[in-house]
Amino acid sequence: MKKLTALFLFLFCSSFSFAQTEDFGSWMTASFSKGVVKGLDFTVDQELRLKDNLQSINLLYTNIGFDYKLNKYIKISPVYRFIDKHKSDDSYGIRHRLMLDVAFKIKPGKFTLGYRARFQSEWRSWGYASELGNVPELYLRNLFKVQYKLTDNWSPYVATEIRFQISNPRIPYHNGFDRTRFMAGTSYDINDHNTAGIYFLYQKEWNVVDPQTLYILGLEYSLSID
């Protein structure tokens with residue numbers, strides 16, 4: 001735990017040494033899950049992201065996937081994401097992403113301690129639309145989260161995510177850690193099937209062209225059907 005805390009503080013402090021552009025935005029997410037068989041859920045997420053101090057749309061994405069609970073500690077989630085993203089020329093470009101999440105969690109008392117490893121592969125175009133259209137960007141993302149059951153309904157949490165770039169076809173010799181996220185928020189269980197949430201996210205980039213610092217206000221709603 002001491003080593004993890006030291007790593008967290010080092011990444012947080014060292015990220016301030018890079019000159020970056022800044023922006024405030026909002027991410028709004030609606031999620032749906034439906035039980036298929038015991039231990040297996042079908043999931044859909046729809047998210048809208050605003051940028052430029054909430055004045056324009058950054059992207060829209062749709063996730064379609066499955067959550068499989070291997071046991072009470074481990075969950076595996078293959079997901080496909082369709083992305084419509086704003087480009088520098090004010091047009092929008094389609095991206096396709098495949099993700100495989102492996103999540104671990106334990107619940108000591110009222111706490112939930114979680115770790116999620118995500119392997120991510122993303123294509124900017126299909127076919128022959130561009131020379132590198134079929135060559136994916138590859139990432140490994142590591143998320144650490146601590147949540148506390150404050151009441152029957154309220155569960156505040158803090159989390160951090162560290163992203164490692166495995167390969168990028170547009171920058172063939174670049175790889176390594178290039179982004180951190182720090183999050184604090186809470187979820188509210190409306191009833192057995194409906195949950196709402198709000199969070200603040202701080203994101204720092206480095207070792208990339210035109211690095212950004214983002215301040216994000218996030219809103220979430222999820223519906224779960226057994």
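These values consider heavy atoms only, across backbone and side chains, with no hydrogens, waters or symmetry-generated copies.
By the salt bridge (Lys or Arg N to Asp or Glu O under 4.0 Å) test, D45 is found to be paired with no residue, residues two or more places apart in sequence or in another chain being considered. Residues forming a salt bridge (Lys or Arg N to Asp or Glu O under 4.0 Å) with E47 (at least two apart in sequence, or on another chain): R49. A search for side-chain contact (heavy atoms from CB on, under 4.5 Å) contacts involving I57 returns L48, L50, Y92, not counting sequence neighbours. Not counting sequence neighbours, D41 has no partner by the salt bridge (Lys or Arg N to Asp or Glu O under 4.0 Å) test.
Side-chain contact between E220 and S222 is absent, with no heavy-atom pair separated by less than 4.5 Å. Counting only heavy atoms from C-beta outward, the side chains of T43 and N63 never approach each other to under 4.5 Å.
For K51 (side chain) and L54 (main-chain N/O), no donor-acceptor pair under 3.5 Å exists by modelled atom type. Checked by atom type and distance alone, the side chain of S26 never pairs as donor or acceptor with a backbone atom of G218 at under 3.5 Å. The backbone N or O of D52 lies less than 3.5 Å from a partner atom in the side chain of D23, making a donor-acceptor pair.
The side-chain hydrogen bond (donor to acceptor under 3.5 Å, both in side chains) with E137 is formed by just one residue from the set Q120, R124, R95; it is R124. Among L217, L214, I216, the single residue meeting the side chain to side chain contact (heavy atoms under 4.5 Å, CB included) criterion with F24 is L217. A side chain to side chain contact (heavy atoms under 4.5 Å, CB included) with R179 is found for one member of K204, Q165, Q212, E161 and no other, namely E161.
Note on residues 97-120: pairs passing ring pair (Phe, Tyr, Trp, His ring centres under 6.0 Å), not counting sequence neighbours, are F111-Y148, Y115-F144.
Residues L60 and M99 are members of separate hydrophobic clusters, defined by side-chain heavy-atom contacts under 4.5 angstrom among Ile, Leu, Val, Met, Phe, Trp and Tyr.
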Derivation and outcome, side chain to side chain donor-acceptor pair (under 3.5 Å), residues N153 and T151 | CA-CA 5 Å; N153 303 99; T151 69; 4.7 Å; no
Quick one: do N207 and F177 satisfy side-chain contact (heavy atoms from CB on, under 4.5 Å)? Show the steps, please.
-> CA-CA 8 Å; N207 293 332; F177 293 103; 5.9 Å; no
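Between the CG atom in L40 and the OH atom in Y68 there is a gap of 8.0 Å [rounded to 0.5 Å].
The other members of the hydrophobic cluster of Y61, by chain and number, are L59, I83 (side-chain heavy atoms under 4.5 Å, ILVMFWY only).
Aromatic ring orientation, Y215 versus Y202: tilted (interplanar angle from 30° to 60°).
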